[in-house]
Amino acid sequence: MWRSGENRKPLGEKLFDRSPRGATRTAFGTRILPLIEYALVALDAVAAEARRLTEAGEQKIRTGVSPLIGSHLVARAFSKVCVTP
């Protein structure tokens, strides 16, 4: 796995120039680092949504039904869409 501290060129150019006084962004790094940050935020959002969709928990669906519809029809319709593990 690549780490920015290694200052390698996985993208074709260096992101930082290092010196005894510290590190400064290269022109390439100035242009590409905001895109990297945007991608990381998007990946975090994907991971959070995946966790939300796969976590076990109580999930309820509340429906309203007219009293004019027979309860046997509601039960039959519900059984067609209800998936039980």
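One is the number of the first residue; the rest follow in order along the sequence.
In this structure, CZ in Phe16 is found 5.0 Å from CG in Leu33, a value given to the nearest 0.5 Å. Within the model, atoms CG of Asp17 and OG1 of Thr24 stand 5.0 Å from one another, a figure rounded to the nearest 0.5 Å.
The 12-atom threshold is not exceeded at CZ of Arg31, counting heavy atoms of other residues, nucleotides or ligands nearer than 6.0 Å.
Leu35 places a side-chain heavy atom less than 4.5 Å from the side chain of Ile32. Under the 4.5 Å side-chain criterion, counting only non-hydrogen atoms from C-beta, Leu15 is in contact with Phe28.
Remark: Glu49 pairs with Arg52 by the salt bridge (Lys or Arg N to Asp or Glu O under 4.0 Å) rule, at least two apart or across chains.
Minimum heavy-atom separation, Gly29 to Pro34: O-CD, 4.2 Å.
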From CA spacing to verdict: side-chain contact (heavy atoms from CB on, under 4.5 Å), Ile36, Leu11: CA-CA 11 Å; Ile36 292 170; Leu11 301 173; 3.9 Å; yes

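A side-chain donor-acceptor contact under 3.5 Å links Thr26 to the backbone of Lys14.
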